[in-house]
There are 2 protein chains.
Amino acid sequence: MELKKSVTIHDIAKALNINSSTVSRALNDNPRVSAKTKKLVHDKAKEMHYQYNSLASNLRTQKSNTIGIIVPHITKHFFSTAISGIEEEAHKAGYNVIICQSKDSEQLEAKNINTLLSSRVDGILISPAIKTTTVQHIQKAMDRNVPIFFFDRYIDEINTTRVITNDRATSKELTLHLLSQNINKLAVLTGDTSVSIYENRVKGIYDAFQQSGWNTESRLILQQIKLDVDDAYTAINKWLDENVEFDAVFGMNDMAAIGSQKALQERGFRIPEDVIVAGFSNEPISKLVSPPITTVHQPAMEIGKLAAKKMINHIEEKDKSLLASETAVLESHLIIRTSSQRNK
Amino acid sequence: MELKKSVTIHDIAKALNINSSTVSRALNDNPRVSAKTKKLVHDKAKEMHYQYNSLASNLRTQKSNTIGIIVPHITKHFFSTAISGIEEEAHKAGYNVIICQSKDSEQLEAKNINTLLSSRVDGILISPAIKTTTVQHIQKAMDRNVPIFFFDRYIDEINTTRVITNDRATSKELTLHLLSQNINKLAVLTGDTSVSIYENRVKGIYDAFQQSGWNTESRLILQQIKLDVDDAYTAINKWLDENVEFDAVFGMNDMAAIGSQKALQERGFRIPEDVIVAGFSNEPISKLVSPPITTVHQPAMEIGKLAAKKMINHIEEKDKSLLASETAVLESHLIIRTSSQRNK
DNA sequence: GTGAAAGCGCTAACAT
DNA sequence: ATGTTAGCGCTTTCAC
């Protein structure tokens, strides 16, 4: 089987008896080429089934028009939505995206960064893994002058542009709502508090307690779990077995809230009459369980779009020295549903 | 600001007073290079912060080690899981993936294919858009000798490798289960039946009716909707308003089933006592609503993995002429939950 | 086991 | 408005 070589600009040039540079310019719609020549070239290109070769262009221009994305899990709705936002903005601006999963492993994350660097991406958008004990791999990208921005999650020590939500404030707001529902003791299921987002959400809870003059010693219990349905289910059941008392549960994501609600309902507690429940992130599922769960809507799509826009601006900015790293905070907002509303 | 040029194999060669081809061989672990030289090169590369340039290699070797993926919506759990499977296999074999969304638009799909072709991907895995009236854009990839395989959804006219599930058989099995639950009339909410998967699922329903000797005229109603929670909710309410009678609902995905269940419950019907409900795809949410919904588990991750494996095999196969297109059918299976189980 | 040299397909100075 | 030319960073054939 003969491998038929693909058509290049040289082939087009030869066929038209002109120079390949003119073909290149014509295809790139360069104003210095006459309309007539442009038409000639485009027609011939179509006729010969010419297919532009980005590889060659990228090598020559030292620019790949590609943005790398690293997320913990592409299957989580929040991230796939954010990616969707990034992709939309990127394509609009003529960029491709390469998506990598870190699976919340620092090792994989470092590998991903390496891959992206050898693919010569023009920038990297990352929501870092939970267990990130060193920042060398991220520093590596910066050392090579490849901009790397955070979205949603971030690492404190690394000073670069961040696109995040006002988790702390909204978490406080949600907690204030819970405290107003005639409760005695709030149980919180949190994720790893070394992760920025969970750290901030917990801080928001303490803010609310302080503002309300509530004693965190006696009226707050907090446990760190893997934030999924099963772990929350187990945690709640364990508390109930140990006769730990609480009449409100705040899960730091919706899955934890749903698992908690399920456990409570199975043990005969009515939601919200006996225990009120709240989650975080406004997963599509949160409004479909019964009762629907109070949560926080995070603008995932907007986070993605904004992060992409900022990255593309940065890449295409001529004078990079003017650019300082900045933190963009998007507003998330409370969605109060049945699970936390008591008829006092 | 001076743009510092990146380190190349020539820089390493110069530093070691050897030839760049030797450096290249050493870095690629070529057996014809002495262990001593290899060590020298690797150490120097690390010292100089050398970063391999895939772009250059790709251009030279005419191979990008990249697989393109096109799905309708990355935010759908089934697809993000399949992508996750593809990614895992691809990375294992040293390939990157570029992910594109068609948003179920043929136009975007054609654009995506173009992008992937100019990026010189080594192969394309696609789950085609709903509205695909022409196959030119897919043919284009094949004409350029870029293998394009289907996963999950496929287009009948295009003869290429497919990795799909046995939707028709499982849909029949599920329907048989429903018919056995002492029901009189089944209402089906389907998606666009010009899409292979929905077409097959509907065929499965007819298979079951035929096998059971049920009359489809009198005991089956079928409506095509946009398969989401809201459209299903609206469709069910419309039926109820018009006094259409039915005591079983089969939604062709879980979202439709959930929307149906919600509408029915709000109108006072008990599930499964008054009406039984079933869905398709086993979205995580399907077991969390109440009652949990009977559905079909599709091995999304495995579909992705298998599609990726087949593609990579194909790409790396020396003698392509030996390879015929084939259809791999993965087994999906029934998950019977409370929503369809009647205490007769 | 290592070197020399050509070239993948494109772009962009510079020249005319 | 178009042509000439060099080269992006790597791989690979052919020498030795």
Side-chain angles (χ1 to χ4, degrees), chain A residues 3-42 44-45 48-66 94 117-122 144-145, chain B residues 3-42 44-45 48-66 94 117-122 144-145:
Chain A
L3 223 143
K4 73 163 174 260
K5 288 175 46 62
S6 50
V7 180
T8 74
I9 52 172
H10 301 294
D11 300 325
I12 299 177
K14 211 171 291 169
L16 291 174
N17 251 314
I18 58 175
N19 193 279
S20 60
S21 60
T22 304
V23 176
S24 171
R25 284 192 277 256
L27 291 173
N28 287 307
D29 208 25
N30 186 311
R32 287 174 16 186
V33 175
S34 72
K36 194 175 124 230
T37 310
K38 271 183 193 167
K39 175 148 175 45
L40 236 50
V41 169
H42 277 111
K44 188 55 97 181
M48 298 177 76
H49 297 290
Y50 168 75
Q51 176 79 47
Y52 184 75
N53 188 330
S54 305
L55 246 41
S57 167
N58 292 345
L59 177 61
R60 172 65 228 234
T61 58
Q62 298 286 65
K63 187 161 180 319
S64 62
N65 285 300
T66 302
L117 289 180
S118 41
S119 296
R120 291 295 192 269
V121 293
D122 299 323
R144 282 179 176 41
N145 274 322
Chain B
L3 223 144
K4 73 162 174 259
K5 289 173 48 57
S6 50
V7 180
T8 74
I9 52 172
H10 300 294
D11 300 325
I12 299 177
K14 210 171 292 171
L16 291 174
N17 251 313
I18 59 176
N19 194 278
S20 60
S21 57
T22 305
V23 175
S24 172
R25 288 189 197 107
L27 291 173
N28 287 309
D29 210 23
N30 187 310
R32 287 176 13 189
V33 175
S34 71
K36 195 177 123 226
T37 309
K38 273 183 192 166
K39 175 146 175 44
L40 234 52
V41 168
H42 276 112
K44 189 55 95 178
M48 298 177 76
H49 298 292
Y50 169 75
Q51 176 80 45
Y52 183 77
N53 188 331
S54 306
L55 246 40
S57 166
N58 292 346
L59 176 61
R60 171 66 227 238
T61 57
Q62 298 286 66
K63 188 163 181 315
S64 63
N65 285 299
T66 302
L117 290 179
S118 41
S119 296
R120 292 294 194 270
V121 294
D122 299 323
R144 282 181 176 39
N145 275 321

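Throughout, a chain's letter reflects where its sequence line sits, starting with A, and its residues are numbered from 1.
- Taking atom CG of Asn28(A) as the reference point, atom P of dA12(C) lies 8 Å away to the nearest angstrom.
- Distance Leu27(A) CG to dA12(C) C1': 15 Å, rounded to the nearest Å.
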**Message:** As a quick check of understanding, evaluate side-chain contact (heavy atoms from CB on, under 4.5 Å) for Asn58(B) and Lys63(B), giving each step before the final call.
**Reply:** CA-CA 5 Å; Asn58(B) 292 346; Lys63(B) 188 163 181 315; 5.8 Å; no
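- Nucleotide dG9(C) holds its P atom 10 Å from the CZ atom of Arg60(B), rounded to whole Å.
- Asn58(B) comes within 4.0 angstrom of nothing in the nucleic acid, heavy atoms only.
- Atom CG in Leu40(B) sits roughly 14 Å away from atom C1' in dG1(C) (whole-Å rounding).
- Counting only distance, with no hydrogens or angles, the side chain of Lys38(A) and the backbone of Asn30(A) share a donor-acceptor pair below 3.5 Å.
- Nearest to the side-chain atoms of Ser34(A) among the listed nucleotides dG9(C), dT11(D), dT2(D) stands dT2(D).
- Counting only distance, with no hydrogens or angles, the side chain of Ser54(A) and the backbone of Ser118(B) share a donor-acceptor pair below 3.5 Å.
- Thr37(A) comes within contact range of the sugar-phosphate backbone alone, with a heavy-atom separation under 4.0 Å but no base atom that close.
- Atom CD of Gln62(A) is separated from atom C1' of dC8(D) by 5 Å (rounded to the nearest Å).
- Counting atom types as modelled, Arg25(A) pairs no side-chain N or O with a base atom of dT11(C) as donor and acceptor under 3.5 Å.
- Residue Ile18(A) is classed as a sugar-phosphate contact, given heavy-atom separations below 4.0 Å to backbone atoms only.
- One can place CD1 of Ile9(A) at 5 Å from P of dC10(C), the figure rounded to the nearest angstrom.
- Residue contacts for Ser24(B): at a heavy-atom cut-off of 4.0 Å it reaches a base atom on one of the strands shown.
- Annotation: of the two residues near DNA chain C, Val7(A) and Asn17(B), the 5′-most nearest-nucleotide partner is Asn17(B).
- Distance alone, capped at 3.5 Å, is enough to place a donor-acceptor pair between the Arg144(B) side chain and the His49(A) backbone.
- No donor-acceptor pair closer than 3.5 Å links the side chain of Ser119(A) to the backbone N or O of Val121(A).
- Of the possible polar contacts, none joining the Ser20(A) side chain to the Ala13(A) backbone as a donor-acceptor pair under 3.5 Å is found.
- Contacts of Thr8(B) with the nucleic acid, taken as non-hydrogen atoms under 4.0 Å apart, involve only primed sugar atoms and P, OP1 or OP2.
- Counting to the nearest Å, the C1' atom of dC8(D) and the CG atom of Asp11(B) are 13 Å from each other.
- Distances shown here put a side-chain N or O of Thr22(A) below 4.0 Å from the OP1 or OP2 atom of dG3(D).
- Here dA15(D) is the nucleotide among dC10(D), dA15(D), dT11(C) with the atom lying nearest to any side-chain atom of Arg32(B).
- Taking atom CZ on Arg120(A) and atom P on dG9(D), their separation rounds to 8 Å, with Å as the unit.
- Of the listed nucleotides (dG9(C), dT2(D), dA12(C)), dT2(D) has the atom at the smallest distance from the side chain of Val33(A).
- Minimum atom distance to the side chain of Asn19(B) is reached by dA4(C), of the listed dT4(D), dA4(C), dG1(C).
- Counting non-hydrogen atoms under 4.0 angstrom, Ser21(A) reaches a base of the nucleic acid.
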